[in-house]
Amino acid sequence: MSVKTRLGNFFEDFFVGKKIPHATPRTVTEGDIALYTALTGSRFACGSADTFAQSLGFPRAPLDGILAFNLVFGKTVPDISLNAIANLGYADGRFGQPVYPGDTLTAESEVIGLKENRDGKTGIVYVRSRGANQRGEMVLDYCRWVMVRKKNAASPAPETLVPELPAAVAADALIVPAGVAVKRYDGVLSGSPDLWDDYQVGERIDHVDGMTIEESEHMMATRLYQNTARVHFNQHAEKDGRFGRRIVYGGYVIGMARALSFNGLANAFSVVAINAGRHVSPAFAGDTIYAWSEVVAKLDLPGRTDVGALRLRTVAAKDRPCADFPDKAADGAYDPSILLDFDYTVLMPRRM
Amino acid sequence: MSVKTRLGNFFEDFFVGKKIPHATPRTVTEGDIALYTALTGSRFACGSADTFAQSLGFPRAPLDGILAFNLVFGKTVPDISLNAIANLGYADGRFGQPVYPGDTLTAESEVIGLKENRDGKTGIVYVRSRGANQRGEMVLDYCRWVMVRKKNAASPAPETLVPELPAAVAADALIVPAGVAVKRYDGVLSGSPDLWDDYQVGERIDHVDGMTIEESEHMMATRLYQNTARVHFNQHAEKDGRFGRRIVYGGYVIGMARALSFNGLANAFSVVAINAGRHVSPAFAGDTIYAWSEVVAKLDLPGRTDVGALRLRTVAAKDRPCADFPDKAADGAYDPSILLDFDYTVLMPRRM
Amino acid sequence: MSVKTRLGNFFEDFFVGKKIPHATPRTVTEGDIALYTALTGSRFACGSADTFAQSLGFPRAPLDGILAFNLVFGKTVPDISLNAIANLGYADGRFGQPVYPGDTLTAESEVIGLKENRDGKTGIVYVRSRGANQRGEMVLDYCRWVMVRKKNAASPAPETLVPELPAAVAADALIVPAGVAVKRYDGVLSGSPDLWDDYQVGERIDHVDGMTIEESEHMMATRLYQNTARVHFNQHAEKDGRFGRRIVYGGYVIGMARALSFNGLANAFSVVAINAGRHVSPAFAGDTIYAWSEVVAKLDLPGRTDVGALRLRTVAAKDRPCADFPDKAADGAYDPSILLDFDYTVLMPRRM
């Protein structure tokens, strides 16, 4: 193996407090947005039209938060999860400055926790990753934890540190982008008259539509994000792997679930937090993705009457319509159709 | 079913004179054009190069008319044809202001006719749809009619009104974009020396090349147009549907036929009218599209010697080369290979 | 066959000294770059981020050289290789002015050699092709030779002229883009600390990763390049062809090999020459591409201490990891896995 080839970090390469600046800065363009639309079918008016975004106080249409998330996430992969066995969870994710075409994103991570597994061959690495624009402004700050292989099982176990992470981002920690102010909201152009006031805690919404994934689609999306995890791209290797085929990048499923959620949540114009998330089972080409959402909480935003926040749980399932809301059972076991259980917070206009 | 989910209109939801502003305004970008090129192979010089477009008097390369058509059409789907069984025809389509990157498109439709079918379960809805840019200028105005399901077979039939529509857009109704003036036309850069003068009414042109459609290609195109018709995307549902598989959006076939027509019609730099069109049979992934065209009419444009119009009929067939021009028989029955019979008008430079 | 349809040139249509201006000028956009990233996974920082490119003295991120090559190459296909049986080789390719979004590319070729084959049915055509931007500045100048069918076997053979072409572009013929000057190079953002000084002649680098090609991916790339060669697109015809399926455009394999080479050659920020290249065997959808590179030569650039050039040979193989560097044997026979043997020259920062 040439010493010039990067093979990613193994469990023993991480230590708490380690800061990792990630490679491959990325100037975001209208081309990225067009591809995101073509690959997910996103229809949120704020991201689709400059005019609509301007009516909300944005200078132009910002990137959908999940696209920004996937671009930042992609940068972290070569250092954090190239040797990961599983992407276990997310927490405390806050979106900051919106991302616009022309912005250049960079990312860095800090190791905030470590725990070797009992098998002695793997461990869990907790990182906080921060994406910034060319002015150094935070665009996304989130935690995730992954199970990573040890290079050498004989390496000593590090001291265990499991970070305390909030169950959800608090209302006063949410960032409403500067300048955003809703005066006259056009619920016809947006595709729905339902505003923040119209949603109830506990309400469940079936997003109805289904979308089938093709190999080229998830690979194009994942390459667009410059995510290099091998399991998504290499059928020659994966044919002998655990599943016998390429695994769809989980962030592509999140993007598709967000796009499907338009039907029922059309006015969720901005994603402001990722509270938690679990990739319950892997998705593969040929799977048809359906989704449903539950309103977990309604959050007043300090000092604002024009916009409120909804904490949502969006569940994506495969090959199974969601009219009856497939879920996890009392014992925590998920319905076998479920791919994703994603807990996040969106902004929505209030009735004034 | 949540009341927040939109399920589209049914036959009894329409009445003559009903005006429907459509959701999801769309800012068009260079990313959309790149995807259109990648998905259809379009090579018309006017749409490919700013320099060439400027030599014709455009400020920069405009979108191909069929791309603009598909973007406007896409907006109408959630309100007009989400519950459609068939997209039956087009008429009286005129293109107005060219569309450029940075323009934001919106669309609205008016119901101009209704006719319940004898089965009592379906009816035909005639609409006139209008796409406009951010300045409210018309970019496309066209009629189409679709067969739509009734929600309730017991609903009373509306009064029948079948609108009178012209067989073709007249020469004096065609809009040559402001500023367009051809002085020295470069038939080398455009790919063909053949100008308006060189075409004869009745002339048939085989476009020679064939292009095979993949699932991911038609789905990416259709999502790019934010067209939400379910039959294009959901294999899990369609496996039990009428055809057992996803149906290719007819507008993608039109775009592909237009792109194939470059070989023989390279100087048809602008689409200015859609006179009629019929999706004769559905296309599916794996089909190879061939096309041929007939010159239906040559139109002088009032007061112009630099540019003329050609009314064309382009026929697309699947899995069948078109050197012998597969067509409809005297009894009106189409050759079984035929997918599309599209009647439209283009601008072409005249020999000066 | 309509006289308006272009069928490309046959062997007897070429004569030495013939100059062929190619059709379809092309304005390059950020959309093209986004698609290139999505289709190849390119991660070179100079092409990914304006900020990084500016730190090297570029005004903004230029197109990767292989994308520029494929765009120029595409223009030449309808005139040079539409009736080609094989694309035999490249030589003396020099990149000039970098290509940026907004530039409009045109191309022309000159026939520099001809040799009829002994079978009397085919011949070899040597051309020098030149791509230029809207200011007429050379962006790429290269030779290639192709085997082309004769239309009529009875046509007399032309006088044989085989041009003398250099084995590689000399160091003093390489063009470092104006303004490029490396002062403080960021080997963290670029993804590798290895600079020009760290590579040794004869060193071999396994690029480790594998990428599986899908039909829609190679077709989208090839249409993006407006390359019209039929073998890439028409399954209906190719099912009865030599291979029974569509052939992946060789330039897509070059782009994928260049993208894979990031892992080991991350600081090869600019491609400045194509010395030679052979498409050893055809690639098909379903193939997984791996690659390895050899450092053929290290070139000092006249008067520069900040940047040096590496002459590289990158070999792409299918369905075979390259840790043991599959190669050609002493008798010149290639390992059966090999698709591409590409000899080119890149710029890389020097240690200062």
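Below, chain A is the first sequence line, B the second, and so on; all start at residue 1. Keep in mind that the numbers below use all heavy atoms, side chains included, and drop hydrogens, waters and symmetry copies. On a predicted model such as this, the values are computed, not experimentally measured, just so you know.
No part of B/Tyr36 comes within reach of chain C, as not one of its non-hydrogen atoms sits under 4.5 angstrom from that chain. Within the 4.5 angstrom heavy-atom criterion, only backbone atoms of B/Thr40 (N, CA, C, O) approach chain C. Contacts of C/Gln134 with chain B are made by side-chain atoms alone, with heavy-atom separations under 4.5 Å and no backbone atom involved. With a 4.5 angstrom heavy-atom cutoff, C/His232 does not touch chain B via any of its atoms. Within the 4.5 angstrom heavy-atom criterion, no atom of B/Arg60 approaches chain C. For C/Ala34, no part lies under 4.5 angstrom from a heavy atom of chain B. Heavy atoms of C/Pro101 lying under 4.5 Å from chain B are absent altogether. For a residue to count as touching a neighbouring chain, one of its non-hydrogen atoms must lie under 4.5 Å from one of that chain's; by this rule B/Tyr199 touches chain C with backbone and side chain alike. Residue contact with chain B, scored on non-hydrogen atoms closer than 4.5 Å, is absent for C/Thr222. Contacts between B/Ser190 and chain C at a heavy-atom distance below 4.5 Å involve the backbone alone (N, CA, C, O).
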Under the side chain to side chain contact (heavy atoms under 4.5 Å, CB included) criterion, do B/Glu214 and C/Met220 qualify, and how do the steps go? CA-CA 10 Å; B/Glu214 300 294 320; C/Met220 286 183 69; over 6 Å; no
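Annotation: the span from B/Glu215 atom CD to C/Glu215 atom CD amounts to 13.0 Å, rounded to 0.5 Å. Atoms CE and CG, on B/Met211 and C/Asn234 in that order, are 9.0 Å from each other to the nearest 0.5 Å. Of the inter-residue distances, the one linking B/Leu39 atom CG with C/Ser216 atom OG reads 9.0 Å to the nearest 0.5 angstrom. Between C/Arg246 atom CZ and B/Thr288 atom OG1 the span is 7.0 Å, to the nearest 0.5 Å. To the nearest 0.5 Å, atom CE of residue C/Met219 and atom CD of residue B/Glu217 are 4.0 Å apart.
Summarising the geometry of C/Arg26 relative to B/Thr37, their closest heavy-atom pair is NH2-CG2, 4.1 Å, with the distance given to 0.1 Å. Scanning both residues, B/Ala49 and C/Thr27, for their nearest heavy atoms gives CA-OG1, 3.2 Å. In plain terms, the two heavy atoms of B/Pro321 and C/His236 that are nearest each other are CD-CE1, 3.7 Å. Residue B/Glu30 comes nearest to C/Glu30 through the heavy atom pair OE1-N, 4.0 Å, listed as atom of the first residue, atom of the second, then distance. Between C/Thr104 and B/Thr51, the shortest heavy-atom distance links the atoms CG2-OG1, 3.3 Å. Closest of all the heavy-atom pairs between C/Leu35 and B/Ala38 is CD1-CB, 3.8 Å.
Taking a 6.0 Å sphere around CZ of C/Arg242, one finds it holds 12 or fewer heavy atoms contributed by other residues, nucleotides or ligands. Within a 6.0 Å radius of NZ in C/Lys121, other residues, nucleotides and ligands contribute 12 heavy atoms or fewer.
B/Thr212 places a side-chain N or O within donor-acceptor distance of the main-chain N or O of C/Gln235, the cut-off being under 3.5 Å.
In terms of heavy-atom pairs under 4.5 Å with chain B, the best-connected choice from C/Ala237, C/Ala23, C/Gly31, C/Gly102 is C/Ala23. Between chain C and the options B/Val188, B/Asp319, B/Asp324, the largest number of non-hydrogen pairs under 4.5 Å is found for B/Asp319. When each of B/Ser192, B/Ala266, B/Cys46, B/Ala45 is scored by its heavy-atom pairs under 4.5 Å with chain C, the top score falls to B/Ser192.
With a 4.5 Å cut-off on side-chain heavy atoms, C/Thr24 and B/Leu189 do not count as touching. Put simply, the side chain of B/Val208 reaches to within 4.5 Å of the side chain of C/Arg230, judged on heavy atoms.
Salt-bridge check for C/Arg6 with B/Asp194: passed, with a basic side-chain N closer than 4.0 Å to an acidic carboxylate O. Using a 4.0 Å cut-off between charged side-chain N and carboxylate O, C/Lys4 and B/Asp198 make no salt bridge.
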